[in-house]
Structure formats: structure tokens, C-alpha cells
Amino acid sequence: MKTKSRILGMSLAAAVAGALLVPGAAYAQSDSNTKGFSGGKLTANVWRQTILGGDNCGSFLTSAKATKSLSYIQNDVDWDPIGIGASASIKGVGVSVSGNNGSSPAARVKNTRASYAGISGTVCASWSTLYIGVYSTASTKVGGTLITVSAHV
């Protein structure tokens, strides 16, 4: 009986550990911040998968949203991989960044006469990367004043 319960306990532990490493699992971090301006609100959003798949890659989505159509709305993304010799790349676009002192890749989308601008894709980390931070900044100009707001995970 002790052997059966030990095997059952080990099987349960393996199942739980396996569930935590499932690629595409619903484990994510997100942040959102809003700033008001005359006649509306501007919001920066960021979402990033926290558990990377077997290929050490995960999905991300950033956006800039406004409560009304603007002359332009812009979404900027900056990456911050943390770790010794850490690096990350955005899959499919050839953008990469290395270490805490490396330069962040500059991803930018600017839409005119719109209320939304977003960037989505897949980010991959090197084996030595402990964490990939991401900043999403929404910006626009209203009445000659630059309005910005940022979110970070």
C-alpha cells in the first residue's frame, strides 16, 4: 500500500508540474494605466505570457486606446531582459536586445485619425534570461500638448 500511495503522490506531483509548463497556458501578466485629457482618456495596456513554451518563447500584446478618435495615436514598446548575459528577440521581425545595459528594441505603431494602435507577437528569451520586462507607452497630442501614459510588466 505504501508503494501505491507513493507512486500516486509522485504521479500527482508530476501532473501538477507538467501543467505549470504547458506552452500557451493561461498564465500571464498584464498592466493598464489611464490618463485623462480635455474631452477623453488615453490608456496604455500590456499583456505578456509569463510561462514560456518549450522553445522559450511566449506571446505578448500591447496597445494604446483612446475614448475618442484622435488626429494620431501611438504605441511604443520597450523590452528589458533581466539576467546575466540575458537577451530576447521578437520572433519574425529580426529585433533583438541584450542584457540590462543593452539597448531596447524600438517597436512603434502610429495610426492617424484613430482611437487604437497595437502591437502583438511572440518574444523569445535566451537560456540565461530570468525575466523579460516590457513597457507599453501610449501617446498623442491634444491642443498642442503631448499626452503620454505607460504600463509595465
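The only member of W79, F60, W47 that meets side-chain contact (heavy atoms from CB on, under 4.5 Å) when paired with V134 is W79. Checked against I132 for a side-chain contact (heavy atoms from CB on, under 4.5 Å), the options D80, V153, V123, T50 give a single hit: V123.
Closest approach of V46 and S136 over heavy atoms only: CB-CB, 3.9 Å. Between S115 and I73 the shortest heavy-atom distance is O-CD1, 3.6 Å. The minimum heavy-atom distance between A117 and N75, with the atom names listed, is O-CB, 3.6 Å.
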Contacts table for residues 140-150: side-chain donor-acceptor under 3.5 angstrom, sequence neighbours left out:
residue: T140; atom: OG1; partner: Y72; partner atom: O; Å: 2.5
residue: S150; atom: OG; partner: T137; partner atom: OG1; Å: 2.8

Can you give me every donor-acceptor pair (side chain of residues 35-45, partner residue at least two apart or in another chain, under 3.5 Å) with its distance?
residue: T43; atom: OG1; partner: T34; partner atom: OG1; Å: 2.9
residue: N45; atom: OD1; partner: S32; partner atom: OG; Å: 2.8
residue: N45; atom: ND2; partner: S63; partner atom: OG; Å: 3.1

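Side-chain contact between C57 and T122: present, with at least one pair of heavy atoms (C-beta onward) separated by less than 4.5 Å.
Checked by atom type, the side-chain pair Q74/D76 shows a donor-acceptor distance below 3.5 Å.
Atom CG of N111 is separated from atom OG of S71 by 12.0 Å, given to the nearest 0.5 angstrom. Of the inter-residue distances, the one linking I82 atom CD1 with Y131 atom OH reads 7.0 Å to the nearest 0.5 angstrom.
With a 6.0 Å cutoff to the six-membered ring centre and a 45° limit on the axis angle, R48 does not count as a cation-pi contact of Y27.
Put simply, the side chain of D31 gets close to the backbone of H152: a donor and an acceptor are under 3.5 Å apart.
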